[in-house]
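For reference, the structure I am asking about is given below.
Values below: every heavy atom of this structure, side chains too, minus hydrogens, waters and symmetry copies. So you know, we letter chains A, B, ... as the sequences are listed, proteins then strands, and number each from 1.
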Protein chains: 2
Amino acid sequence: MKLTIKDIARIANVSPTTVSRVMNGKTEYVTQETQERVLKVIEETNYQPNQIARSLVTRETRTIGLVLPDIRNPFFTELSRGIEDYANQLGYFVILCNTDHKSEKEIQYISLLKDKYIDGLIVVSSLENPISHIKKITTENTPIVLIDHKANDEEINCVYFNNYQGGYLATKHLIDLGHKNIGCITGPLHVQSAVERFNGYKDALRDNNISFKDEFIFQGNYRYEDGIESAKYYKSIGVTSIFASNDLMALGANQKLAELGVKIPEDISIVGLDNITPIGISDSFLTTINQPFYEMGKTACSLLLDQLKGLIQTNKNIQFDATLVLGKSTAHPKK
Amino acid sequence: MKLTIKDIARIANVSPTTVSRVMNGKTEYVTQETQERVLKVIEETNYQPNQIARSLVTRETRTIGLVLPDIRNPFFTELSRGIEDYANQLGYFVILCNTDHKSEKEIQYISLLKDKYIDGLIVVSSLENPISHIKKITTENTPIVLIDHKANDEEINCVYFNNYQGGYLATKHLIDLGHKNIGCITGPLHVQSAVERFNGYKDALRDNNISFKDEFIFQGNYRYEDGIESAKYYKSIGVTSIFASNDLMALGANQKLAELGVKIPEDISIVGLDNITPIGISDSFLTTINQPFYEMGKTACSLLLDQLKGLIQTNKNIQFDATLVLGKSTAHPKK
DNA sequence: CTGTTAGCGCGTTCAA
DNA sequence: TTGAACGCGCTAACAG
């Protein structure tokens with residue numbers, strides 16, 4: 001049979017309250033003596049308080065919910081470790097929910113997790129209008145952090161990556177190497193991040209007096225296969241370099257181009273974006289733009305816990321910078 | 001302010017007990033009429049019962065703990081999705097804890113999660129003697145499933161992969177292709193799975209009258225880098241094929257051998273084990289042995305939940321079979 | 001400094 | 001068929 005606070009109290013010859021006080025460090029009003037006596041009993045009996053009962057009265061579960069599309073996606077794996085490491089360090093547990101990019105699943109999970117079960121919520125949303133949706137199903141007082149989304153004003157806490165800067169830096173790198181014919185594999189252009197990356201590409205060209213050419217654009221969908229598909233096209237039109245809007249497509253293009261006998265980077269330079277480090281690819285092969293997933297997760301979690309503890313009141317928008325990671329997939333164009 | 005069962009009772013003009021009965025489907029003794037009235041109020045007020053309070057009396061949290069070394073490892077990512085999909089489908093949440101292969105962290109997590117917070121536990125242990133350790137910190141009645149471990153008798157529920165068969169099949173495949181000089185990159189031989197895979201290799205040779213040669217063995221540590229390191233050695237001693245005890249090492253060896261000008265599979269065939277499908281590697285390149293991570297997770301979870309619900313009493317050991325997955329990294333040896 | 005009382009929000013007797 | 005009373009194990013308010 002499990003021991004309760006009453007048992008400990010009886011054995012230590014004190015009241016349950018005193019035991020509670022000792023456990024919770026409210027030791028200011030407890031004699032050194034009784035304190036030691038209680039601690040000894042707790043130690044000896046290996047007593048652990050019932051968290052459920054405790055939560056019922058304190059109204060905190062020390063558990064946060066993490067809702068994301070799919071943990072198998074390397075971004076989210078890394079992100080989740082950032083979140084979990086931070087949370088666990090502060091004594092919080094993390095409940096993980098995969099939505100598979102489905103709105104119904106996302107809404108259902110959030111609704112289930114809601115304010116009764118968790119202290120806070122971190123969401124990588126797949127909804128069209130996440131803020132209004134999520135605010136509808138959660139209550140005022142549930143702290144929330146949105147990842148990969150940017151809010152207006154201080155509606156909600158947001159942590160996101162500067163996608164525009166990512167596209168800009170990637171393209172600028174190619175320009176700096178001397179490239180003028182620069183292809184761009186875009187992401188799905190109904191998605192914000194893809195548009196921003198694309199805008200970065202366009203502005204980098206403009207700022208360096210290189211004219212934008214429609215035929216250099218290949219619309220992809222962020223998938224490895226899109227990179228594969230683009231390869232034949234780019235080989236045929238003769239660009240000297242390619243900016244792929246994410247690493248998956250960059251690697252796909254690289255793979256297929258190599259198969260087609262195109263030398264990377266001698267014939268065509270490739271730069272990606274995200275800096276996922278897939279197993280089995282020699283490190284530092286791909287030149288890319290780093291997106292600090294782990295750090296973003298950590299920051300999201302710290303933002304959440306700070307709010308939870310009342311350390312901050314206002315919501316924040318925190319943007320993470322893009323940085324260039326040099327690899328072996330880019331070089332000067334051939335003369 | 002949050003609504004409680006009392007509020008609903010008052011609004012519907014019944015007692016809290018009746019509301020409780022309606023919510024829990026104990027409707028046998030409730031008039032159709034009152035039932036509808038209560039349901040209507042619940043609907044209108046969007047009332048959701050407090051799970052904490054409920055858990056305090058029912059003694060179930062509908063939450064399970066998942067303790068594993070590192071979610072970033074593709075095996076565990078896949079495994080966790082198998083577990084989560086199954087759990088969520090049945091209305092359970094999953095709390096994820098990464099131990100980074102550290103015994104202290106593992107013990108600490110399990111101890112924290114313990115029987116008060118969760119209904120059951122799934123563990124991929126890094127402990128030397130997981131069963132005795134884990135049984136010590138958990139109580140009798142906490143259902144537990146161990147993954148990647150095999151128990152004697154019915155001490156505990158276990159789900160594991162037939163590593164021996166994996167090593168055997170991989171080696172047999174090379175033999176069937178006509179190879180006689182077959183290298184083996186082993187895993188860390190203080191780990192059970194590595195020993196079993198190695199034994200599979202040895203027995204496959206023996207059963208086919210190929211003598212075991214010490215110089216064909218390269219001891220690795222399951223890391224990509226070990227594969228890289230082994231390449232030079234294998235090139236120098238002139239094997240025609242290599243069985244790598246996991247895919248990571250297989251891919252490492254492949255990478256380095258290619259750089260050294262060795263053609264795969266013409267000069268050297270490579271077969272791996274695990275069937276992880278790393279992003280950026282063309283699908284089906286590597287010939288390997290499939291380990292069904294997702295299925296194993298699902299099975300582990302179903303085992304746990306069955307036990308939770310009292311559907312099964314005895315503990316089970318469930319073994320998963322190895323299957324060959326043909327890729328492009330193996331071929332007949334040159335004459 | 002310590003203990004008594006009350007109550008968190010539910011499910012579960014037991015009596016009506 | 002319904003409801004009043006009790007208790008799950010704990011913390012908080014108030015006395016002493």
Side-chain angles (χ1 to χ4, degrees), chain A residues 1-42 45-63 91 112 114-119 139 141, chain B residues 1-39 41-42 45-63 112 114-119 139 141:
Chain A
M1 189 52 204
K2 271 289 116 198
L3 291 171
T4 76
I5 198 172
K6 281 185 194 166
D7 299 316
I8 306 303
R10 194 167 23 76
I11 299 173
N13 236 309
V14 292
S15 75
T17 312
T18 303
V19 177
S20 171
R21 282 199 268 254
V22 172
M23 284 194 305
N24 296 315
K26 311 207 168 164
T27 172
E28 344 157 43
Y29 302 125
V30 182
T31 325
Q32 184 80 15
E33 197 182 60
T34 43
Q35 197 190 150
E36 278 167 11
R37 186 148 38 97
V38 171
L39 284 175
K40 192 163 160 249
V41 174
I42 290 179
T45 56
N46 200 18
Y47 165 73
Q48 282 193 267
N50 182 324
Q51 299 298 337
I52 305 288
R54 182 176 263 181
S55 292
L56 185 59
V57 32
T58 61
R59 280 151 194 292
E60 62 165 32
T61 58
R62 293 185 94 62
T63 303
L112 284 173
K114 225 171 157 178
D115 58 336
K116 321 214 142 148
Y117 210 123
I118 51 160
D119 294 345
T139 49
N141 34 19
Chain B
M1 190 49 204
K2 271 289 117 197
L3 291 171
T4 75
I5 198 171
K6 281 186 195 166
D7 300 316
I8 305 303
R10 194 167 24 76
I11 299 173
N13 235 310
V14 291
S15 75
T17 313
T18 304
V19 178
S20 171
R21 282 199 267 256
V22 172
M23 285 194 305
N24 296 312
K26 312 209 166 164
T27 170
E28 343 159 42
Y29 300 126
V30 182
T31 324
Q32 184 78 18
E33 198 182 57
T34 44
Q35 197 190 148
E36 279 166 10
R37 184 148 39 95
V38 172
L39 285 175
V41 174
I42 290 179
T45 56
N46 198 20
Y47 166 72
Q48 280 192 269
N50 183 322
Q51 298 299 336
I52 304 288
R54 182 176 260 180
S55 291
L56 187 58
V57 32
T58 62
R59 294 176 172 278
E60 62 165 33
T61 58
R62 292 182 96 57
T63 303
L112 284 173
K114 226 171 158 180
D115 58 336
K116 323 215 141 148
Y117 209 122
I118 51 161
D119 294 345
T139 48
N141 33 19

Discussion item. Restricting to salt bridge (Lys or Arg N to Asp or Glu O under 4.0 Å), what partner residues turn up for B:Glu36, sequence neighbours left out?
Written reply: none

Discussion item. What's the closest nucleotide to the side chain of B:Ile5 if the choices are D:dT11, C:dG11, D:dC8?
Written reply: C:dG11

Worksheet item: For C:dT12, does either OP1 or OP2 sit under 4.0 Å from a side-chain N or O belonging to B:Lys26?
Response: yes

Discussion item. Side chains of B:Asn24 and B:Arg54, heavy atoms from C-beta outward: is any pair under 4.5 Å?
Written reply: yes

Discussion item. Return the CD to OG1 distance between B:Gln32 and B:Thr27, rounded to the nearest 0.5 Å.
Written reply: 7.0 Å

Worksheet item: Less than 4.5 Å apart, any side-chain heavy atom of A:Met23 and any of A:Ile8?
Response: no

Item to complete: Of all the heavy-atom pairs spanning A:Val30 and A:Thr34, show the shortest one and how long it is.
Response: CG1-OG1, 3.2 Å

Worksheet item: Separation of B:Tyr117 atom OH from D:dC10 atom P, in whole Å?
Response: 15 Å

Discussion item. Distance alone, cut at 3.5 Å: any donor-acceptor contact between the side chains of A:Thr17 and A:Ser20?
Written reply: no

Item to complete: Not counting sequence neighbours, which residues clear salt bridge (Lys or Arg N to Asp or Glu O under 4.0 Å) with A:Arg10? List them please.
Response: A:Asp7

Worksheet item: Where the side chain of A:Arg54 is concerned, which of C:dT2, C:dG9, D:dC10 is the nearest nucleotide?
Response: D:dC10

Worksheet item: Does C:dC10 have OP1 or OP2 sitting under 4.0 Å from an N or O in the side chain of B:Tyr47?
Response: yes

Item to complete: Rounded to 10°, tell me the angle between the two end axes of the helix from C:dC1-D:dG16 to C:dA16-D:dT1, each built from five pairs.
Response: 40°

Worksheet item: Given side chains that start at C-beta, do those of A:Asn50 and A:Thr4 come closer than 4.5 Å, heavy atoms only?
Response: no

Worksheet item: Within this structure, what is the CG-to-C1' distance between A:Leu56 and D:dG7, rounded to whole angstrom?
Response: 12 Å

Worksheet entry | Rounded distance (Å) that lies between atom P of D:dC8 and atom NZ of A:Lys6 | 5 Å

Response to the item:
Rounded to whole Å, CZ of A:Arg10 lies from P of C:dG3 at a distance of 15 Å

Item to complete: Output the distance between atom CD (A:Gln48) and atom CG (B:Leu112), rounded to the nearest 0.5 Å.
Response: 7.0 Å

Practice prompt. Mind jotting down which residue pairs meet the salt bridge (charged side-chain N to carboxylate O under 4.0 Å, His left out) criterion with at least one end in residues 17-27 of chain A? Sequence neighbours excluded, please.
Written response: none

Worksheet item: Which of residues 33-41 of chain A sit near DNA chain D, with a heavy atom under 4.0 Å from it?
Response: none

Worksheet entry | Selection: residues 13-21 of chain A, any non-hydrogen atom under 4.0 Å of DNA chain D | A:Thr17, A:Ser20

Worksheet item: Is there a side-chain polar atom (N or O) of B:Asn24 under 4.0 Å from OP1 or OP2 of C:dG11?
Response: yes

Practice prompt. To the nearest Å, give me how far apart CZ (A:Arg59) and C1' (C:dG9) are.
Written response: 8 Å

Fill in: Out of C:dC1, C:dC8, D:dC8, whichever nucleotide has its closest atom nearest the side chain of A:Thr31
C:dC1

